Amino acid sequence: MILAIDIGNTNIVIGGIDETKTYFIERVTTVRTGTELEYAIDIKNVLDIYGIRPQEIEGGIVCSVVPQITNILRTAAEKILRKEVEVMVVKPGMETGLNIQMDFPKQLGSDLIADSVAGITHYPVPQIIFDLGTATTVCVVDEKKNYIGGMIYPGLRVSLDALTAHASQLQGVGLDSPEHVIGKNTIDCMKSGILNSNAAAIDGIIGRIERELGQKTTVLATGGLAEKVVPLCEREIILDKDLLLKGMLEIYKKNI
């Protein structure tokens with residue numbers, strides 16, 4: 001089993017995975033002022049909850065979109081694991097098996113690389129991969145397993161926060177799905193608007209990308225908010241909550 005840590009803008013995903021299964025996956029809040037010790041305690045608490053001993057972990061890998069705490073998390077993990085276990089960080093120059101055909105390949109987020117590596121490893125190509133987090137990202141991989149580009153747009157929570165911040169009467173709205181598309185009160189109207197607009201966006205984006213590619217694709221969705229949106233989509237989408245961890249495992253195996 002390896003320890004996989006994905007540092008996002010809102011949450012840090014901590015997971016344990018090997019080639020047979022995902023043993024655990026949990027989220028803690030991203031705190032940019034957090035110390036090595038504080039994050040080490042978070043990691044240790046997650047391991048304790050699942051009854052995982054540090055001796056059972058053979059290696060570690062971190063991917064991050066928050067550079068200021070990347071090394072802090074890496075060091076925190078190394079405090080918990082055995083001394084001989086090195087925790088690697090996903091960065092440009094690593095072996096991934098993914099050919100990135102972007103204007104500036106080094107600017108591509110490590111989380112998007114991990115998603116795409118998992119995609120080409122476990123699913124047919126070409127692919128469209130949606131990762132629903134603070135931002136919703138879209139990765140496009142062609143039939144030759146080349147990463148050819150994608151999209152980024154505001155995520156559900158960002159959209160909801162922006163709406164409530166500018167409307168004093170619209171506060172305290174959760175992201176649980178309403179029973180009907182047509183809301184009968186203000187809260188349900190907002191829930192339906194946020195969730196169904198994102199589902200419709202995903203459906204529409206799939207159609208537009210497939211027209212530009214000139215072929216059908218395998219569509220994948222992952223990320224903390226994917227479970228709330230994918231059931232509302234009309235297109236066929238594979239929901240894989242562990243996609244990022246699977247990609248990190250593949251990258252780890254290619255670089256040990």
Side-chain angles (χ1 to χ4, degrees), residues 1-9 11-25 27 57-67 70 73-74 77 86-152 206 209 213 217-224 226 230 237-256:
M1 181 199 322
I2 69 162
L3 180 68
I5 301 174
D6 170 47
I7 307 171
N9 288 297
N11 292 314
I12 297 170
V13 177
I14 302 172
I17 188 170
D18 64 17
E19 293 181 349
T20 61
K21 68 176 183 177
T22 300
Y23 293 86
F24 64 90
I25 181 168
R27 286 174 166 81
I57 297 175
E58 301 171 0
I61 184 168
V62 174
C63 78
S64 173
V65 297
V66 189
T70 301
L73 263 296
R74 178 186 59 79
E86 181 180 354
V87 178
M88 66 178 67
V89 176
V90 180
K91 57 186 177 182
M94 296 184 78
E95 178 63 38
T96 65
L98 185 69
N99 182 25
I100 302 171
Q101 296 184 348
M102 297 278 286
D103 293 339
F104 305 101
K106 291 183 179 180
Q107 294 181 0
L108 186 63
S110 59
D111 54 338
L112 306 187
I113 293 173
D115 282 341
S116 301
V117 168
I120 64 175
T121 302
H122 297 283
Y123 299 99
V125 291
Q127 298 172 358
I128 304 172
I129 304 171
F130 290 85
D131 193 329
L132 284 74
T134 303
T136 297
T137 58
V138 187
C139 303
V140 183
V141 179
D142 69 13
E143 73 278 4
K144 296 181 180 179
K145 299 185 177 181
N146 299 314
Y147 187 107
I148 61 172
M151 300 172 67
I152 303 173
I206 294 169
I209 290 176
L213 289 176
T217 62
T218 302
V219 183
L220 310 172
T222 192
V230 170
I237 300 171
I238 300 169
L239 177 62
D240 189 336
K241 297 181 293 183
D242 300 337
L243 191 70
L244 182 63
L245 295 188
K246 292 176 180 177
M248 293 172 72
L249 174 62
E250 292 301 320
I251 294 171
Y252 176 84
K253 292 191 298 182
K254 292 178 183 295
N255 289 274
I256 53 175

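The structure presented is a predicted model; accordingly, all values stated were derived computationally and were not measured. When a residue number appears, it is its place in the shown sequence, counting from 1.
A pairwise comparison of heavy atoms in Gly247 and Val117 identifies O-CG1, 4.1 Å as the closest pair. Across Tyr252 and Glu58, no two heavy atoms sit closer than the pair OH-O, 3.6 Å. Closest of all the heavy-atom pairs between Met94 and Val89 is SD-O, 3.1 Å. When every heavy atom of Cys63 is checked against every heavy atom of Asp6, the shortest pair comes out as SG-OD1, 3.1 Å.
Between Arg27 and Val13, the closest side-chain pair of non-hydrogen atoms falls below 4.5 Å. Using a 4.5 Å heavy-atom threshold, the side chains of Val66 and Asn9 count as touching. Using a 4.5 Å heavy-atom cutoff, the side chains of Leu213 and Val140 are in contact. Side-chain contact between Ile7 and Val62 is present, with heavy atoms from C-beta onward closer than 4.5 Å. For the pair Ile61/Asn255, no side-chain contact is recorded, criterion being any heavy-atom separation below 4.5 Å from C-beta on. Residues Ser116 and Ile129 have side chains in contact (heavy-atom distance under 4.5 Å, counting atoms from C-beta outward).
Listed by chain and residue number, Glu19, Leu249, Glu250 satisfy the side-chain contact (heavy atoms from CB on, under 4.5 Å) test with Lys253 (two or more places apart in sequence, or in another chain). A search for side chain to side chain donor-acceptor pair (under 3.5 Å) contacts involving Thr22 returns Asp242, not counting sequence neighbours. For the side-chain contact (heavy atoms from CB on, under 4.5 Å) test, residues two or more places apart in sequence or in another chain that qualify with Asn99 are Gln101, Asn146. Taking the side-chain contact (heavy atoms from CB on, under 4.5 Å) definition, one finds that Glu143 meets it with Pro126, Gln215, sequence neighbours left out. Under the rule for a ring pair (Phe, Tyr, Trp, His ring centres under 6.0 Å), Tyr123 has no partner lying at least two apart in sequence or in another chain.
For CD1 of Ile256, the number of neighbouring non-hydrogen atoms (other residues, nucleotides, ligands) closer than 6.0 Å is greater than 12.
Taken from CD1 in Ile17 to CG in Leu245, the straight-line distance is 5.0 Å, to the nearest 0.5 Å. One finds the OH atom of Tyr23 at 3.5 Å from the CG atom of Asp18 (value rounded to the nearest 0.5 Å). Separation of atoms CG (Leu244) and CG (Asp131) is listed at 6.5 Å; rounding is to 0.5 Å. Residue Ile57 holds its CD1 atom at 5.0 Å from CG of Leu3, rounded to the nearest 0.5 Å. Considering SG of Cys139 and CD1 of Ile128, their distance stands at 10.5 Å, rounded to 0.5 Å. The CG atom of Leu243 sits 8.0 Å away from the NE2 atom of His122 when rounded to the nearest 0.5 Å.
Of the listed residues (Ile206, Leu239, Ile237), just one forms a side chain to side chain contact (heavy atoms under 4.5 Å, CB included) with Phe130, and that residue is Ile206.
The main-chain N or O of Thr222 is never found under 3.5 Å from a side-chain atom of Asp240 such that the two would form a donor-acceptor pair.
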List the atom pairs, donor and acceptor, that lie under 3.5 Å between side-chain atoms in residues 106-114 and the rest of the protein, sequence neighbours left out.
| unit_1 | atom_1 | unit_2 | atom_2 | d |
| --- | --- | --- | --- | --- |
| Ser110 | OG | Ser64 | N | 3.0 |
| Ser110 | OG | Ser64 | O | 3.2 |

